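Everything quoted here is computed from the prediction, not taken from an experiment. Side chains included, hydrogens not; waters and symmetry mates left out as well; all remaining heavy atoms used. We number each residue from 1, following the sequence as shown.
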Amino acid sequence: MALNKPTRYILLALGILISLHFILSATHEPYSNATSFSGLTAAWRQEMTKYTDTAVPAHPDIPPLPKWATGGVSGVANTTRANATLVMLARNSDVNGAVQSIRSIEDRFNREYGYPYVFLNEEPWEDNFKKRISVLTNAPIEFGVIPRDAWFQPDWIDEEKATEGRKKMEEQGIIYAGSVSYRNMCRFNSGFFFKHDLLLKYKWYWRIEPDVKFHCTLPFDPFVYMEEQNKVYAFTIALYEWSATIPTLWDTVKKFMKEYPQYVASDNAMGFLSDNSGDGFNMCHFWSNFEIADMDFWRGEVYTKFFEYLDKTGGFYYERWGDAPVHSIAAALFLPKTKIHFFNEIGYEHPPNQHCPKDDSVWRKGMCSCDQEKTHDYGPYSCQAQWDRIFH
């Protein structure tokens, strides 16, 4: 059967195209590679895998630079605008809790900013801990060991007196009453962590604990906010300390203020700490397992003298002075109250307490996963109301 004219033209055109394809395939290598079966399937696979979850990096050793990168700090790839780091004090056995915390802070904040991490431990880090953390972030990570003299109980502590103090607290049913290692941690966080070699190159830190959750996506950089607003210390939860753990702390603080009145800020936050103008301590403090702060304040003359004054009394071991009341008292007394900031936008949980923004607009903007009805704010053990009152 004879073909009609349109069909003959179509077949002729196809013949010409096929001939050109074979000629180009034989004479032009790039064309041959691009149009081969393997080349076409590779392109298809690339298209199918183009959209990946950047929160699970394929190459954690090659951190991406934020758009506004400003370069390194002292040779370390701190590519962010603020000279800041995220700090975790942990042990090798805390690996599962550490993974949860880093996964949470990456999802809610740091995968967009790439702030570096510093992990500190009183013992050498195991390879398994490093391996499991390293795949969670593109940010630089450093693992440091705490010097012995910054961690262990000093030789000048009267061990008989310290043992007696621990037994007394155990009889009262106080948590960590008999733990020397817990007291080591409190003393280290109070007076030494900011002097560690891995932290000396940084100004700002964000303290993160194992087993914490961040419930809200943060739409801004809190480090940059602190810098721009001239803040020094920030918190998310304020609560009462157990008075039996610090029976002589406030008397020691009052003695320090009497000897060094020049260090007390004129517009301080004494009203947060005391209900009677400083005569007594109402036990209110900032929960220091979350804090964002300027380490230059801890490294400065005022806080250095304050910590040394407290330390020489032995209260960290004879009693159980925590870094939370120590940091809180120092910030509240030696800084103007306007330099302390409450980060309402940061949904934070460290069991059994959590902060969840009560303001619906903040809660929605942060896509918060927390239950607003379960926030610690203004509950029976909260000191948030005491904080608010000093500004009214």
How about [X] and [Y]: are their ring centroids closer than 6.0 Å?
X    : Y    : answer
Y113 : F223 : no
Y348 : F343 : no
Y263 : F334 : no

Practice task
Check whether any side-chain N or O of R166 sits under 3.5 Å from a backbone N or O of K161 as a donor-acceptor pair, and report yes or no.
Solution key: no

Report the distance from atom [atom1] of [X] to atom [atom2] of [Y], rounding to the nearest 0.5 Å.
X    : Y    : atom1 : atom2 : value
M185 : L89  : CE    : CG    : 7.0 Å
N189 : N184 : CG    : CG    : 11.0 Å
M270 : I390 : CE    : CD1   : 11.5 Å
E241 : H285 : CD    : NE2   : 4.5 Å

Practice task
Might you confirm whether atom CZ of R299 has over 12 heavy atoms from other residues, nucleotides or ligands at distances under 6.0 Å?
Solution key: yes

Practice task
Could you tell me whether K254 atom NZ has more than 12 heavy atoms of other residues or ligands within 6.0 Å of it?
Solution key: yes

Flag for [Y]-[X]: side-chain donor and acceptor within less than 3.5 Å:
X    : Y    : result
Q229 : H341 : no
E164 : Y318 : no
D360 : Q372 : yes

Practice task
Answer whether the closest heavy-atom distance between the side chains of C284 and S328 falls below 4.5 Å.
Solution key: no

Handout entry: Intermediate values then yes/no, salt bridge (Lys or Arg N to Asp or Glu O under 4.0 Å), K305 and E259
Key = CA-CA 11 Å; K305 287 198 174 184; E259 291 184 36; over 6 Å; no

Handout entry: Among D221, N110, T85, side-chain hydrogen bond (donor to acceptor under 3.5 Å, both in side chains) partner for Y115
Key = D221

Completion exercise
Result for ring-ring contact (aromatic ring centres under 6.0 Å, His included) between F307 and one of W298, W321, F192 points to F192

Practice task
Test the K337-F391 pair against the cation-pi criterion, namely NZ or CZ under 6.0 angstrom from the six-membered ring centroid and within 45° of the ring axis.
Solution key: yes

